[in-house]
Visitor: 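There's a structure below that I have some questions on.
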Number of protein chains: 2
Amino acid sequence: MGAIADPVRREILVMLRDGRLSAGEIAGRFRISRPAVSRHLRVLRQSGLVRDELVGRQRLYELDARQFTQLSAWLAQFVQPHGWEQRLDALETEVYRTRRRRRARGAADEAKENTA
Amino acid sequence: MGAIADPVRREILVMLRDGRLSAGEIAGRFRISRPAVSRHLRVLRQSGLVRDELVGRQRLYELDARQFTQLSAWLAQFVQPHGWEQRLDALETEVYRTRRRRRARGAADEAKENTA
DNA sequence: AGAAAGCGTAACCATCAGGTTACGCGTTTG
DNA sequence: CAAACGCGTAACCTGATGGTTACGCTTTCT
């Protein structure tokens, strides 16, 4: 879980949010050496936050949402004790709005996941 | 943000989930020395995850939900890209269930907070 | 096949973070 | 007022971690 503790790693995650990137592409956006980034990538890989795939001579990285979901779930137990109800109301509103937006266009997704 | 990276710190947070505790009480539940715990507490304090108050000769600690909410918000941006809709549905169910439960008894809370 | 690109790993350093013991300060208690 | 309790901080040691350069492997390009 300490994977998200490092600022470089967090930035990598943010980059990956917009889509998959090759190791070189990622490394190129930092001032630190490529091997350094490579190791950060390994940490992210081992922590399960990121998934990698070899394509030709380059390795592409992408986020693996499952781990994030789990983290969210863990954090949730601490958000409850306080203004729980307020937040639920806000969430309800958001859910409603998004569902409307979804119906407006057409939806096609893949399934399976937990509550959080 | 690296505050939640350490297992001892995480455990402290879990303890505090059930209510405020004194430094000694917390330290007593670990095998590591009291000063060590004391420093973990300082890290939690500085990261804003925990709030402390002096009562007599002992210092009581309690969770500060605000920071958790913020963390949740940060994590949320990574949970979306994937099975967004599924999760919303699950959330909607949870919201509904909890609101019912709330109505069943009576609710009294304090206000203000964001979406998370 | 040979050169170059794209990555990861190994070896090595410097820095940091966690743990321990020693110590000091404020608050109860007798 | 003195003794004891409850905590935090300082000083010190040690293991973990991030960064760098050197090197090796696999895939593409000519």
Side-chain angles (χ1 to χ4, degrees), chain A residues 1-64 67-68 71 74-75 78, chain B residues 1-64 67-68 71 74-75 78:
Chain A
M1 192 183 251
I4 64 172
D6 187 273
V8 172
R9 245 121 58 185
R10 278 201 300 268
E11 194 167 340
I12 292 179
L13 292 177
V14 172
M15 291 178 179
L16 257 34
R17 199 193 40 181
D18 303 323
R20 38 170 45 184
L21 291 174
S22 70
E25 172 63 27
I26 296 173
R29 303 191 186 182
F30 288 98
R31 312 194 62 182
I32 61 179
S33 72
R34 191 170 52 62
V37 174
S38 179
R39 205 160 48 183
H40 281 299
L41 288 173
R42 175 172 30 162
V43 174
L44 289 173
R45 215 185 302 148
Q46 294 176 333
S47 70
L49 291 169
V50 152
R51 173 189 298 280
D52 69 310
E53 178 189 358
L54 287 81
V55 175
R57 63 179 168 182
Q58 58 186 15
R59 184 177 296 225
L60 299 181
Y61 286 89
E62 63 179 340
L63 295 180
D64 186 344
Q67 206 61 217
F68 288 100
L71 275 183
W74 188 81
L75 274 180
F78 298 105
Chain B
M1 188 182 255
I4 63 172
D6 186 274
V8 171
R9 245 122 58 188
R10 278 200 301 270
E11 194 166 342
I12 291 179
L13 292 177
V14 172
M15 291 178 180
L16 256 35
R17 198 193 42 183
D18 302 324
R20 40 172 41 186
L21 290 174
S22 70
E25 173 61 29
I26 296 172
R29 303 191 187 182
F30 289 97
R31 311 195 61 182
I32 62 179
S33 72
R34 192 171 51 66
V37 174
S38 179
R39 203 158 51 186
H40 281 301
L41 287 173
R42 175 169 36 161
V43 174
L44 289 173
R45 216 185 302 151
Q46 294 175 333
S47 70
L49 290 169
V50 153
R51 174 188 297 281
D52 69 311
E53 177 189 359
L54 287 80
V55 175
R57 63 181 168 181
Q58 57 186 16
R59 186 177 295 223
L60 298 182
Y61 286 90
E62 65 180 338
L63 296 180
D64 186 344
Q67 207 60 216
F68 288 100
L71 275 182
W74 187 82
L75 274 180
F78 298 106

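Chain identifiers are assigned alphabetically (A, B, ...) following the order of the sequence lines, protein sequences preceding nucleic acid strands; residue numbering begins at 1 within each chain.
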Visitor: Kindly say whether B:R45 contributes a backbone atom to a donor-acceptor pair with the side chain of B:R51 at under 3.5 angstrom?
Guide: no
Visitor: May I have the distance from B:L41 (atom CG) to D:dG8 (atom P), rounded to whole angstrom?
Guide: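 In whole Å, D:dG8 P and B:L41 CG are 6 Å from each other.
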Visitor: Please report the distance, rounded to the nearest Å, between CZ in A:R42 and C1' in C:dA10.
Guide: 10 Å
Visitor: Without decimals, in angstroms, what is the distance between A:L60 CG and C:dA5 C1'?
Guide: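 Result: 15 Å.
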Visitor: Is the phosphate of D:dG6 approached by B:Y61 (side-chain N or O, under 4.0 Å from OP1 or OP2)?
Guide: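 For D:dG6, neither OP1 nor OP2 has a side-chain N or O of B:Y61 closer than 4.0 Å.
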Visitor: Mind calculating the distance between CG (A:L54) and P (D:dC25) to the nearest angstrom?
Guide: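 Those two atoms, CG and P, are 17 Å apart.
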Visitor: Counting only side-chain N and O atoms of A:S22, is one of them less than 4.0 Å from OP1 or OP2 of C:dG6?
Guide: no
Visitor: For nucleotides 18-21 of chain D, list the nitrogen or oxygen atoms of the protein found under 3.5 Å from its nitrogen or oxygen atoms, one pair per line.
Guide:
unit_1: D:dG18; atom_1: OP1; unit_2: A:R9; atom_2: NH1; d: 2.8
unit_1: D:dG18; atom_1: OP1; unit_2: A:R9; atom_2: NH2; d: 3.4
unit_1: D:dG18; atom_1: N7; unit_2: A:R39; atom_2: NH2; d: 3.0
unit_1: D:dG19; atom_1: OP2; unit_2: A:H40; atom_2: NE2; d: 2.4
unit_1: D:dG19; atom_1: N7; unit_2: A:R39; atom_2: NH2; d: 2.4
unit_1: D:dG19; atom_1: O6; unit_2: A:R39; atom_2: NH1; d: 3.3
unit_1: D:dG19; atom_1: O6; unit_2: A:R39; atom_2: NH2; d: 3.1
unit_1: D:dT20; atom_1: OP2; unit_2: A:S33; atom_2: N; d: 2.6
unit_1: D:dT20; atom_1: OP2; unit_2: A:S33; atom_2: OG; d: 2.6

Visitor: Is A:E53 salt-bridged to A:R20, going by a charged N under 4.0 Å from an acidic O?
Guide: yes
Visitor: Can you tell me the distance, in whole Å, between the CD atom of A:E53 and the P atom of C:dG6?
Guide: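 Nearest whole value for this atom pair: 18 Å.
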Visitor: Which listed nucleotide (D:dG8, C:dC7, D:dT28) is nearest to the side chain of A:R57?
Guide: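 Selected nucleotide: D:dT28.
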Visitor: Just by distance, do the side chain of B:R34 and the backbone of B:A27 share a donor-acceptor pair under 3.5 Å?
Guide: no
Visitor: Does B:R10 reach the main-chain N or O of B:I4 with its side chain, forming a donor-acceptor pair under 3.5 Å?
Guide: yes
Visitor: Do any N or O atoms from the side chain of A:R59 and from the backbone of A:A23 form a donor-acceptor pair under 3.5 angstrom?
Guide: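 No.
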